[in-house]
Amino acid sequence: NAGVTQTPKFRVLKTGQSMTLLCAQDMNHEYMYWYRQDPGMGLRLIHYSVGEGTTAKGEVPDGYNVSRLKKQNFLLGLESAAPSQTSVYFCASSYLFGSGTDTQYFGPGTRLTVL
Amino acid sequence: EDQVTQSPEALRLQEGESSSLNCSYTVSGLRGLFWYRQDPGKGPEFLFTLYSAGEEKEKERLKATLTKKESFLHITAPKPEDSATYLCAVMGSARQLTFGSGTQLTVLP
């Protein structure tokens, strides 16, 4: 099993450009998440999904949109990139939602730079 | 609002020199306290979950403990391959993970 995969691994954008980050998981997990990681701030939840066709806002959702058209895929979109969105983005998935008895499995990350 | 503070930010140890990493937290309705390991350029990798004060879990040279306000990750006789950033996170009644900013551990041979 590949687990959680993310594409691309690196991307450089100019301010105002758009892009989509793709996350795929092969563990048949119902729940998926997008986080951003910035120096000194830890991982912060952007959006999450509790099932195919459903999405919800996390702690820092502004400037991002998401879609979950298939159970195994979770897309994160930036419609008009800003330098403040320069970060490392991680996707995660889990079998249970909000359970202390389960864990989230993380992908390898996408490093995004917005000039 | 759940909060997690990790200390120190960075720690350099000689191989074999034992030490502890601290995770202080405030949470409403603790569902679990998680420890992850993150290597450079990679995603976090799950290590432990602790659920209640007094609980302890071990894995190789790592031992995690939990009180009502803190968790410690004890590293006994570390090796260079233990070098990584260690992340602490809590899940409370909001059912979302809140992460600390991590402790970057370097173990020198």
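Residue numbering restarts at 1 for every chain, and letters A, B, ... go by the order of the sequence lines.
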Other residues, nucleotides, ligands: >12 heavy atoms within 6.0 Å of Glu81(B) CD | yes

Please assess Gln104(A) against Phe34(B) for the test side chain to side chain contact (heavy atoms under 4.5 Å, CB included), listing each intermediate value before the final yes or no.
-> CA-CA 10 Å; Gln104(A) 293 183 15; Phe34(B) 299 78; over 6 Å; no

Whatever's closer than 4.5 Å to a heavy atom in chain B on Leu43(A) counts as both

Between Thr103(A) and Tyr36(B), the two heavy atoms sitting closest are OG1-OH, 3.3 Å

Would you say the side chain of Phe97(A) lies within less than 4.5 Å of the side chain of Arg95(B), judging by non-hydrogen atoms?
-> yes

Counting heavy atoms not belonging to Glu30(A), are there more than 12 under 6.0 Å from its CD?
-> yes

Is the count of non-hydrogen atoms from other residues, nucleotides or ligands lying under 6.0 Å from Glu9(B) atom CD greater than 12?
-> no

Flag yes if more than 12 heavy atoms outside Glu79(A) fall under 6.0 Å of its CD atom; otherwise flag no.
-> no

Answer yes or no: does atom NZ of Lys42(B) have more than 12 heavy-atom neighbours from other residues, nucleotides or ligands under 6.0 Å?
-> no

Identify which part of Tyr105(A) has an atom lying under 4.5 Å from any heavy atom of chain B, answering side chain, backbone, both or neither.
-> neither

List the steps and the verdict of side-chain hydrogen bond (donor to acceptor under 3.5 Å, both in side chains) for Gln37(A) and Gln38(B).
-> CA-CA 12 Å; Gln37(A) 186 176 40; Gln38(B) 185 175 23; 3.0 Å; yes

Phe72(B) atom CZ: more than 12 heavy-atom contacts under 6.0 Å | yes

Distance-minimising heavy-atom pair for Gly43(B) and Phe90(A) = CA-CE2, 3.4 Å

Could you give me the CA-CA distance, side-chain angles and deciding distance for Tyr35(A) and Phe99(B), then say whether side chain to side chain contact (heavy atoms under 4.5 Å, CB included) is met?
-> CA-CA 11 Å; Tyr35(A) 292 88; Phe99(B) 283 85; 3.9 Å; yes

Chain A interface, residue from Ser101(B), Gly32(B), Gly102(B) that has the most non-hydrogen pairs under 4.5 Å = Ser101(B)

Count the heavy atoms belonging to other residues, nucleotides or ligands that lie under 6.0 Å from CZ of Arg44(A), then report whether that count exceeds 12.
-> yes

Choice from Tyr33(A), Tyr48(A), Phe106(A) maximising heavy atom contacts with chain B below 4.5 Å | Phe106(A)

